[in-house]
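Atoms within each ligand, like the ligands themselves, are counted from 1 in listed order.
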Amino acid sequence: MKQHIDLNNKTILVTGSPGFIGANLVMRLLSTLTGGTVISFDSMNDYYDPKLKEYRLGLINAAAEKSKVKHVFIQGNLADKELVDEVFSMYKPSIVVNLAAQAGVRYSIDHPDVYIESNIIGFFNILEACRHSYDGGESGVEHLVYASSSSVYGGNKKVPFSVEDKVDNPVSLYAATKKSNELLAHSYSKLYNIPSTGLRFFTVYGPAGRPDMFYFSATNKLARGEKIQIFYYGDMKRDFTYIDDIVEGIIRVMQGAPEKRIGDDGLPVPPYSIYNIGGGTPENLLEYVKVLQEELVRSGVLKPDYDFEGHRELVGMQAGDVPVTYADSRGLEEDYGFKPSIDIRTGLRRFCEWYKEYYR
Ligand SMILES: NC(=O)c1ccc[n+]([C@@H]2O[C@H](COP(=O)([O-])OP(=O)(O)OC[C@H]3O[C@@H](n4cnc5c(N)ncnc54)[C@H](O)[C@@H]3O)[C@@H](O)[C@H]2O)c1
């Protein structure tokens, strides 16, 4: 059972905005809610071009001007406990969406420290702040929603991936930190009765997305006349999820918190849930590349006679990567009545059109 939450007139903290998913979520909140406060919290780090984050912040500010909702941007590090506590005591958020994290599977191989700092210490600080939000009888945080990842499934062979599957064999430190988030959240839900929902996102893409992700970095390389590498000889399958579907999924979930209940032992049954959010139709990487190429030509990023064959190279598997991701998102559909539906042609078209305009 879910506890319904009306997001209007609430204070909502979104960490990792203006990151890719966070910025899109905040813009949707600003355009749909009729009142309240939305706080964006982000370190604006330079893992990828910070200009893209500035650009997204510009879009958020423009949306805020037209909105009935107040928007506050705080630049800071989640690992800074004092700052996180200060934000919670000053604004008293009732809904927290934790999207700030060091993302990327491959980067974690050479840069482990930042994953521990942002994804473990940062997340711990959020949990602690949620716990203390109830101090002195305050109503506190009604729902903590946080980003997990399809990478927790590692090299699992059974598809589609279900939240019931065993996920104890991460193949990257990134995946290990995301699985740790789920474990930490479970213990905090049990001990302090904090309603929490973890969302395992599956390869999210779209306009102004992350330049470290394949569709974006491949586009950059092709536009510069460089060769792209297609891993695992193109035999990979990915469950691509368009950004609007992810945002819709997050907003639905924010409005339904796991219900607080007391168990037979007189202690709280942890108000804790995990869901997959994925397109549900995994695409072969080569098919995805084919659609991307067609859309790059259609949008005018590349010329119709572009020599795609001469600009691609099929290579083996990379460390930390997995051959397939495939989401079983039935839980989301059953509990929140929502199923991602935007196909890769539509999604890549919007990305290519945005790319053409942005880099004009
Ligand atoms: N995009 C995907 O395909 C995908 C898939 C699975 C999971 N996720 C998860 O979803 C969340 C959002 O991902 P995204 O694609 O929007 O990534 P993103 O990198 O665009 O956004 C994350 C933001 O968090 C900020 N950040 C990082 N460390 C921070 C810290 N210590 N303190 C404050 N801010 C910090 C970054 O500056 C960035 O703007 C992340 O938790 C990511 O792991 C994303």
Six-ring centre of [Y], [X] cation under 6.0 angstrom, axis tolerance 45°:
| X | Y | answer |
| --- | --- | --- |
| R200 | Y153 | yes |
| K260 | Y134 | yes |
| R298 | F351 | no |
| K53 | Y48 | yes |

Could you check [atom] against the protein and tell me its nearest heavy-atom contact, residue, atom and distance included?
| atom | answer |
| --- | --- |
| atom 17 (O) of ligand 1 | R210 CD, 3.2 Å |
| atom 22 (C) of ligand 1 | A101 O, 3.9 Å |
| atom 35 (C) of ligand 1 | S43 OG, 3.2 Å |

I need the contact type for [X] against ligand 1. Using non-hydrogen atoms and a strict under-4.0 Å cut-off, is it side chain, backbone, both or neither?
| X | answer |
| --- | --- |
| K178 | side chain |
| F202 | neither |
| S148 | backbone |
| T203 | backbone |
| Y174 | side chain |

Looking only at the side chains, is there a donor atom on one of [X] and [Y] sitting less than 3.5 Å from an acceptor on the other?
| X | Y | answer |
| --- | --- | --- |
| S162 | D328 | no |
| H143 | T197 | yes |
| N220 | E226 | no |

Which ligand 1 atoms are under 4.0 Å away from a heavy-atom of [X]?
| X | value |
| --- | --- |
| K53 | 36 (C), 37 (O), 38 (C), 39 (O) |
| M213 | 1 (N), 3 (O) |
| Y48 | 18 (P), 19 (O), 20 (O) |
| N77 | 30 (C), 31 (N), 32 (N) |

Could you check which of [options] puts a non-hydrogen atom nearest to [atom]?
| atom | options | result |
| --- | --- | --- |
| atom 40 (C) of ligand 1 | N181, N45, V152, L99 | L99 |
| atom 44 (C) of ligand 1 | T15, D46, I21 | I21 |
| atom 39 (O) of ligand 1 | D42, V204, D212 | D42 |

Original post:
Taking the non-hydrogen atoms of R200, is any one of them nearer than 4.0 angstrom to ligand 1?
Top reply: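 Flag not set, R200 not near ligand 1.
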
Subject >> G76 to ligand 1, any heavy atom closer than 4.0 Å >> reply: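 Contact check G76 vs ligand 1: positive.
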
**OP:** May I ask you to decide if the ring planes of Y306 and H311 are parallel, tilted or perpendicular, using 30° and 60° as cut-offs?
**Re:**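 Because their plane-to-plane angle lies in the 30° to 60° range, the rings of Y306 and H311 count as tilted.
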
Original post:
Between Y174 and Y115, what is the ring plane arrangement, given parallel below 30°, perpendicular above 60°, and tilted in between?
Top reply: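 Ring orientation of Y174 relative to Y115: perpendicular.
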
Original post:
Is there side-chain contact between I243 and F20, with heavy atoms separated by less than 4.5 Å?
Top reply: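 They are in side-chain contact.
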
**OP:** Answer yes if V145 and I126 sit in the same cluster of Ile, Leu, Val, Met, Phe, Trp and Tyr residues linked by side chain heavy atoms under 4.5 Å apart, and no otherwise.
**Re:**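 Different clusters.
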
